Amino acid sequence: MAGERSTPVLKDELDIVIPTIRNLDFLEMWRPFFQPYHLIIVQDGDPSKTIKDSACRCFGYMVSKKKYIYTIDDDCFIGSLDLFLVLGSEKFGSWILGGFEVVYGFKLVSELGSSLGILSTLVLCNNQFPLHGLLVARVAKDPSGKDINALEQHIKNLLSPSTPHFFNTLYDPYREGTDFVRGYPFSLRGGEPTAVSHGLWLNIPDYDAPTQLVKPRERNTRYVDLVMTIPKGTLFPMCGMNLAFNRDLIGPAMYFGLMGDGQPIGRYDDMWAGWCTKVICDHLNLGIKTGLPYIWHSKASNPFVNLKKEYKGIYWQEEIIPFFKSVTLPKECATVQDCYLELSKQVKAKLSSIDPYFTKLADAMVTWIEAWDELNPSGEASAKLTNGAAK
């Protein structure tokens, strides 16, 4: 029937998990895309609580009962800020910053008097030099001018197969307008199930502290229209800011480790989860895609604070990554839980010599699986995949 709205894809099968220490005003920018879905907001950073790191998002993964998860950070938006002429407005709050009044929560009124709605926006005002404009967060556009719907692209990535066993030089052959190239084995064209969709970011790059210090003004402005499967046997640095995954296939491996306050390392939470996830996906013949969609990363974290969190990890990763490259999982490991528990044993045996922290981390990995199985009994989200089809 004309005018009827179609049901959003995976409406009842997907949870959106967001760790935050801020208010939730930023969600207004995501409303057109997120409104049909169930959100899990995990508080991050309350000093009266024991959880004090964005790694807390993984507890949202654990309590979810949906098949798919999408997670973003609260400083990641759909797009950039545009300046609009304020013809009439009503402010809802403000604070002073550098002699300017920063106003938020405007109700913008057009020249015809029609309300454009409450927006999470900023206006800089100064009595001596009033700026009659409104900074409005806009939906980012791809080079063709089309609005980017990050969640929609993640869903497309997850619902189409991956090609981890043989690289296709036209990248994702399942996207519209492309296919397998000449020489690609027909026996492999069915692909493998996609477990993870790893999205990217415009504006503030996801750099480590040393790179931030060397390139403080660098911004990523390049939109590359590309989705590709990360080849089997290849590790990658997973960023949790713009990430979606099939919870049934890989959920138990998405533990973001012992990170943050009270631990000797930080800002490696998503990296740890990514290395564990990739090794397990390779073993279980699952795929991980990276590339589209892009979101707008708006807030550069303090590189000096980051360096304090990262400095041990920067040294340790030179031993951690060779460990993951050399990991082999026995054929008897047929579920994600089996694989993860085996990984914990190998972490304790081979990484504890670096620092006693890894003994604690290995024990925490076991506790994580015990808690996951307690909250997801009877094999829910257990990813019971046999490993008999290894290629």
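Note that this is a predicted model, so its numbers are computed, not measured.
- Taken together through direct or relayed side-chain contacts under 4.5 Å among Ile, Leu, Val, Met, Phe, Trp and Tyr, Val305 and Ile314 form parts of separate hydrophobic clusters.
- Cluster partners of Leu170 are Val181, counting Ile, Leu, Val, Met, Phe, Trp and Tyr whose side-chain heavy atoms approach within less than 4.5 Å, directly or via other members.
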Checking side chain to side chain donor-acceptor pair (under 3.5 Å) for the pair Arg247/Asn376: CA distance, chi angles, key distance, verdict?
-> CA-CA 11 Å; Arg247 186 175 177 275; Asn376 299 279; 2.7 Å; yes
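- Checked by atom type and distance alone, the side chain of Lys11 never pairs as donor or acceptor with a backbone atom of Tyr37 at under 3.5 Å.
- Using a 4.5 Å cut-off on side-chain heavy atoms (C-beta onward), Met271 and Met238 make no contact.
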Using distance only, find each side-chain donor-acceptor pair of residues 209-216 under 3.5 Å and give its atom names and separation, not counting sequence neighbours.
{"from": "Thr211", "atom 1": "OG1", "to": "Asp208", "atom 2": "OD1", "distance (Å)": "2.7"}
{"from": "Gln212", "atom 1": "OE1", "to": "Asn306", "atom 2": "ND2", "distance (Å)": "2.8"}
{"from": "Gln212", "atom 1": "NE2", "to": "Ser301", "atom 2": "O", "distance (Å)": "3.1"}

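- Among residues two or more places apart in sequence or in another chain, the side chain to side chain contact (heavy atoms under 4.5 Å, CB included) test is passed with Gln346 by Phe323, Val327, Leu329, Glu342, Lys350.
- Under the ring pair (Phe, Tyr, Trp, His ring centres under 6.0 Å) criterion, Tyr207 pairs with no residue, sequence neighbours left out.
- Asp363 pairs by the side chain to side chain donor-acceptor pair (under 3.5 Å) definition with Lys348, not counting sequence neighbours.
- Between the side chains of Gln153 and Asn149, no donor-acceptor pair is found at a separation under 3.5 Å.
- Counting heavy atoms from C-beta outward, Val42 and Ile18 have side chains that stay 4.5 Å or more apart.
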Given side chain to side chain donor-acceptor pair (under 3.5 Å), test Thr234 with Lys278 step by step and report yes or no.
-> CA-CA 8 Å; Thr234 300; Lys278 186 57 167 67; 5.7 Å; no
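- Residues passing the ring pair (Phe, Tyr, Trp, His ring centres under 6.0 Å) test with Phe167: none are found, sequence neighbours excluded.
- The ring pair (Phe, Tyr, Trp, His ring centres under 6.0 Å) check on Tyr268 picks up nothing, with sequence neighbours excluded.
- With sequence neighbours excluded, the residues satisfying side chain to side chain contact (heavy atoms under 4.5 Å, CB included) with Lys325 are Leu235, Ile321.
- Counting heavy atoms from C-beta on, the side chains of Val347 and Ser352 never come closer than 4.5 Å.
- A distance of 6.0 Å or more separates the ring centres of Tyr70 and Phe245.
- For the side chain to side chain contact (heavy atoms under 4.5 Å, CB included) test, residues two or more places apart in sequence or in another chain that qualify with Lys312 are Pro264, Trp316.
- Under the rule for a side chain to side chain donor-acceptor pair (under 3.5 Å), the partners of Asp15 that lie at least two apart in sequence or sit in another chain are His38, Ser64, Lys66.
- Scanning for side chain to side chain donor-acceptor pair (under 3.5 Å) contacts around Asp12 gives an empty result, with sequence neighbours left out.
- Residues passing the ring pair (Phe, Tyr, Trp, His ring centres under 6.0 Å) test with Tyr68: none are found, sequence neighbours excluded.
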